[in-house]
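Have a look at the structure below before the remarks.
For this chain, numbers begin at 1 and follow the sequence in order. For ligands, and for the atoms within them, numbers begin at 1 and follow the listed sequence.
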Amino acid sequence: MYTKLGLFIGGKWIYEAKKGEDVLNPFDESVLGWLPHATEGDLNDAVKSSEKGFDEWRNTDPEVRSRVILKAADILSERISSISEVMTLEQGKPLAESAGEINQSIAILKFNGENAKLIKDEVVADRDNGLKTLIKPQPLGVCLCLTAWNFPIALVIRKIAPALAAGCSVIIKPSEETPGTAIEVIKIFQEAGLPKDVINLVFGVPHEISDYLLSRDEVKKVSFTGSVPVGKLLAKKSAESLKRCTLELGGHSPAIIAEDADIETTLDTLTGFKFRNSGQVCIAPSRFYVHENIYEQVKDGFLKRIKNITLGNGLNDGISMGPLSNSRRVDAMKDFIDDAVKNGSNIIYGGTRHQDKGYFWEPTLIENIHEGSKIMTQEIFGPILALFKFNDYDDVIEKANSLNYGLASYVYTTSEVLQEKMAKEIIAGGVSINTASPMHPEIPYGGIKESGIGYEGGIDAIYSFIHKKNINIV
Ligand code: NAD
């Protein structure tokens, strides 16, 4: 069953509004519900409520903060099946992927819940002259969290769990395309005992909301997950009052398959990872560089596996790939393919829309891609696997490093010398060797170059919501 859609401001649900929008099911484009938009008055109320919430939450014993976050994890564990259904309805991914994302979110809540009570004063200097310096961690204040539609629960939890662990209050604007899952999360926190003003939930026209909230002095930080252009806009806006920014932006991640790779295992890992969530994953591999001596074998191996991908309604059994989440992604895939074909690329499989109704795109395998093609330079964020041939390792590292993105990267080789070289020389937020990217809660993840600023995950995420005040006492 789908969620009743609303805003949560000052501890009250708002279901009526003058303006709003329909939320669609990407599987068949049917209307799931109507989402009210916040007015400027609502946003002002959210700021006022969050200020009150901050005052209460920062003065709450960290043990109590910890208990609330851990309780939210427990309640979420009891609702995996119902929230998976909401997520699949509004986002499209297969139910098993929705459940996997919820399990990951439970682990993140537990990590942050456990660590909330460990944030303590620290003595950093104790001198003979009697000077003692303490670092007193202080929550920053009201934080604005803005999340995208590709991971409707994990992105929300990756922001609010560390913010709450740090003692901040939160105004969150999840994606208007996947509001139901976020609403379920807010309900859970209320049931877990979070004071009513500590989280406010708003929806609306994204740039109007961020423009208004970033112009308010009460908001001390913004944390955003989404595209590079929007990240840059938000950074500019935040700079006007020097608000702190954590930006988790896009990537165009190279996967380098060396000639000594364990080919079958590599193909299994990469096919699963590439087409998960229909390719709409910021850290998904998107440029596949294959050594020329194994190129044909790798190409055939991908083709065989891609042919086994079953597209359909994520709610049904046996579906390995759902639709894309919105019509913009379908248009983007068409644009990538048209541009590549114009530049002489060869489509080995797929390359077209799958059925007229719903936002499906065939899993696609493509080769002979011209250096200047859009596939090479813009984030793909969809089910297109682009193959390139290489024969020199220094050359392929240069190619891997050639874009302005620096998020994830992948290397498949049994040579320890090559593993070490790639880990050192690839410029990226992370290098995964002979594996996909594990997103365990204790791991800090962050992009470099234009892929982001700061870290999410691990203790670093909690500290991104904290000011380290130094106290000097004689
Ligand atoms: P988009 O950048 O317009 O939107 C991404 C998200 O940001 C949306 O959920 C939207 O609500 C929010 N947003 C957009 N403009 C905003 C603003 N001015 N203020 C506040 N929030 C704003 O792009 P899109 O068309 O939804 O997705 C396409 C691109 O987004 C992809 O090419 C991909 O690069 C990127 N993307 C990245 C991630 C990620 O995990 N890094 C997630 C989703 C989308």
Examine the proximity of ligand 1 to [X] and report which part, side chain or backbone, both or neither, has a heavy atom under 4.0 Å away.
X    : result
S210 : side chain
L234 : side chain
T147 : backbone
E176 : side chain
F224 : side chain
Q280 : neither
H207 : both

Is the [atom1] atom of [X] crowded by more than 12 outside heavy atoms at less than 6.0 Å?
X    : atom1 : value
K449 : NZ    : yes
K52  : NZ    : no
Q355 : CD    : yes
F275 : CZ    : yes

Practice prompt. Take every heavy atom of I209, measure it against each atom of ligand 1, and state whether any distance is under 4.0 Å.
Written response: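 No.
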
Which residue and atom name correspond to the protein heavy atom nearest [atom], and how close is it?
atom                    : result
atom 34 (O) of ligand 1 : E379 OE1, 2.1 Å
atom 28 (C) of ligand 1 : R329 NH1, 3.4 Å
atom 44 (C) of ligand 1 : F381 CE2, 3.5 Å
atom 24 (P) of ligand 1 : R328 NH2, 3.6 Å
atom 43 (C) of ligand 1 : A148 CB, 3.2 Å
atom 27 (O) of ligand 1 : W149 CZ2, 3.5 Å
atom 13 (N) of ligand 1 : P206 CB, 3.7 Å
atom 30 (O) of ligand 1 : S227 CB, 3.3 Å

Practice prompt. Report yes if K173 has an N/O atom closer than 3.5 Å to an N/O atom of ligand 1; otherwise report no.
Written response: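 By distance alone, the answer is yes.
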
Fill in: Close N or O approach (V230, ligand 1; < 3.5 Å)
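No: no nitrogen or oxygen of V230 is under 3.5 Å from one in ligand 1.
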
Closer than 4.0 Å to some heavy atom of [X] - which atoms of ligand 1 meet that?
X    : result
E248 : 41 (N)
S175 : 9 (O)
T225 : 39 (C), 40 (O)
L249 : 41 (N)

Discussion item. For the aromatic rings, using the six-membered ring if either is Trp, is the centroid distance between F381 and W361 under 6.0 Å?
Written reply: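 No, ring centres 6.0 Å or more apart.
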
Worksheet entry | Positive for side chain to side chain contact (heavy atoms under 4.5 Å, CB included) with I157, one of L109, T147, N112, I69 |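 Filter result, single survivor: L109.
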
When you compare the side chains of [X] and [Y], does any donor N or O come within less than 3.5 Å of an acceptor on the partner?
X    : Y    : value
N401 : E425 : no
T246 : E456 : no
E90  : T181 : yes

Worksheet item: Could you walk me through whether S210 and K173 pass the side-chain hydrogen bond (donor to acceptor under 3.5 Å, both in side chains) check?
Response: CA-CA 9 Å; S210 59; K173 190 204 80 61; over 6 Å; no

Worksheet item: Please walk me through it: do L214 and V222 pass side chain to side chain contact (heavy atoms under 4.5 Å, CB included)?
Response: CA-CA 8 Å; L214 289 175; V222 59; 3.9 Å; yes

Worksheet item: Does any non-hydrogen side-chain atom of Q190 lie less than 4.5 Å from one of K196?
Response: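 Yes; the side chains approach each other to less than 4.5 Å.
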
Item to complete: Would you give the length of the straight line joining atom CG of N25 to atom OG of S30, rounded to the nearest 0.5 angstrom?
Response: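 Reported to 0.5 Å precision, the distance equals 4.5 Å.
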
Practice prompt. Flag the pair E450 and K232 as a salt bridge only when some basic side-chain nitrogen lies within less than 4.0 angstrom of an acidic carboxylate oxygen.
Written response: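 Result for this pair is yes, salt bridge flagged.
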
Worksheet item: Right, does atom 4 (O) of ligand 1 have protein non-hydrogen atoms nearer than 4.0 Å?
Response: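 For atom 4 (O) of ligand 1 the answer is no, since every protein heavy atom stays at 4.0 Å or beyond.
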
